[in-house]
Amino acid sequence: MSLARHIIFLGAPGVGKGTQAQRLSQYLRLPHVSTGDMLRASVQSGSELGRRAAAVMDSGALVSDDIVMDIVAERLTLQDALAGVIFDGFPRTVHQANALDQLLQHGGSQIAAVLHIVLDDEEIVERLSGRRVCPVCGAIYHVRYHPPRVSGVCDQCGAALLQREDDQPEVIRKRLAVYQAETAPLVAYYHDRPAYHRIDGDGAADEVFARIVEAVREKG
Ligand code: AMP
């Protein structure tokens, strides 16, 4: 059995991690594992975990490391994760990165690439405030840069698009502050590893994706 080779997307909220992770997932045929999507699904399901996570998420703060590690550890046991997954929005703290290293070491798996997408703060706020998401299939749009064919309707599945609660301006500011405090230290954590790649997040999604493919190919 070959070992799992996982890919991590790193970067502030709004740099395009979700969009690029979805594309890379199709390109490499590896599952897209977004802890944000999984947490939103538990909130929707009304589970006990979802109830605990909902208020924290709406405020822009981070859900506890224990909850997140439980969700991730369980996800990695599924059959489709055996060759590797594309993580999106995880790890988010140094504690989670350490816990992931330990988890992978036990399983003999490794991190094949850390893709750190970099973008100016102003551009980030612009992207997040215009973002619209499909609550059914997870497709991501932008009112100006990537509008759906029919305003407010998902191209892929026809569902009504939503603005995420945490994409409101005050919550965006809070999420960026949380990123600086809790997640930005992960750049130093991964920076010296051969798997680390800094990716310029400016420009059209196609251009950014081409940079990502080049970085992933380099890793072999
Ligand atoms: P995202 O969709 O990645 O922007 O995540 C939305 C929200 O879910 C975040 O603002 C956090 O409240 C929570 N969340 C997602 N991933 C994590 C994680 N790895 N650690 C802690 N909280 C997370």
Side-chain angles (χ1 to χ4, degrees), residues 6-25 31-45 47 49-76 81 85-104 111 114-117 119 121 124-125 127-142 161-187 189-190 201:
H6 303 292
I7 293 179
I8 290 174
F9 273 93
L10 203 57
V15 296
K17 295 189 302 292
T19 301
Q20 298 298 338
Q22 283 176 3
R23 293 178 76 149
L24 193 61
S25 154
H32 172 215
V33 172
S34 156
T35 43
D37 284 351
M38 289 192 286
L39 287 164
R40 278 184 289 276
S42 349
V43 172
Q44 288 278 314
S45 76
S47 68
L49 187 153
R51 271 197 296 277
R52 274 193 285 153
V56 178
M57 291 171 74
D58 284 350
S59 78
L62 294 183
V63 172
S64 81
D65 289 333
D66 289 352
I67 290 183
V68 172
M69 287 317 301
D70 281 352
I71 293 179
V72 167
E74 194 180 324
R75 181 65 185 83
L76 290 184
V85 305
I86 316 269
F87 284 118
D88 166 14
F90 171 87
R92 223 39 171 247
T93 63
V94 170
H95 184 274
Q96 289 176 19
N98 265 313
L100 178 65
D101 277 339
Q102 277 170 28
L103 192 68
L104 298 186
I111 296 169
V114 178
L115 304 168
H116 175 205
I117 309 188
L119 194 64
D121 270 5
I124 286 176
V125 173
R127 287 197 190 177
L128 286 176
S129 47
R131 174 160 73 177
R132 299 292 181 273
V133 294
C134 175
V136 176
C137 74
I140 304 169
Y141 299 88
H142 189 281
L161 300 179
L162 297 177
Q163 180 166 34
R164 278 170 44 173
E165 277 297 319
D166 59 355
D167 280 344
Q168 312 293 336
E170 326 78 81
V171 188
I172 289 175
R173 275 193 293 279
K174 162 88 185 210
R175 287 164 64 206
L176 290 175
V178 168
Y179 173 79
Q180 283 308 329
E182 310 266 3
T183 312
L186 287 182
V187 175
Y189 185 89
Y190 288 119

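Indexing begins at 1, ligand by ligand and atom by atom, following the structure's order.
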Arg132: partners by side-chain hydrogen bond (donor to acceptor under 3.5 Å, both in side chains), with sequence neighbours left out: none
Between Val171 and Asp58, the two heavy atoms sitting closest are CG1-O, 3.6 Å
Under 3.5 Å, is there a donor-acceptor pair between the side chain of Thr93 and the main chain of Glu182? no
Across all chains, not counting sequence neighbours, the side-chain contact (heavy atoms from CB on, under 4.5 Å) partners of Leu162 are Pro135
Using heavy atoms and a cut-off under 4.0 Å, could you grab the residues that are in contact with ligand 1, chain by chain, numbers ascending? Thr35, Gly36, Leu39, Arg40, Met57, Ala61, Leu62, Val63, Val68, Gly89, Phe90, Arg92, Gln96, Arg164, Asp166, Arg175
Contact list for residues 165-176, test side chain to side chain donor-acceptor pair (under 3.5 Å), sequence neighbours left out: Arg131-Asp167, Arg164-Asp166, Asp167-Arg175
Is atom NE2 of His32 surrounded by more than 12 heavy atoms (other residues, nucleotides or ligands) closer than 6.0 Å? yes
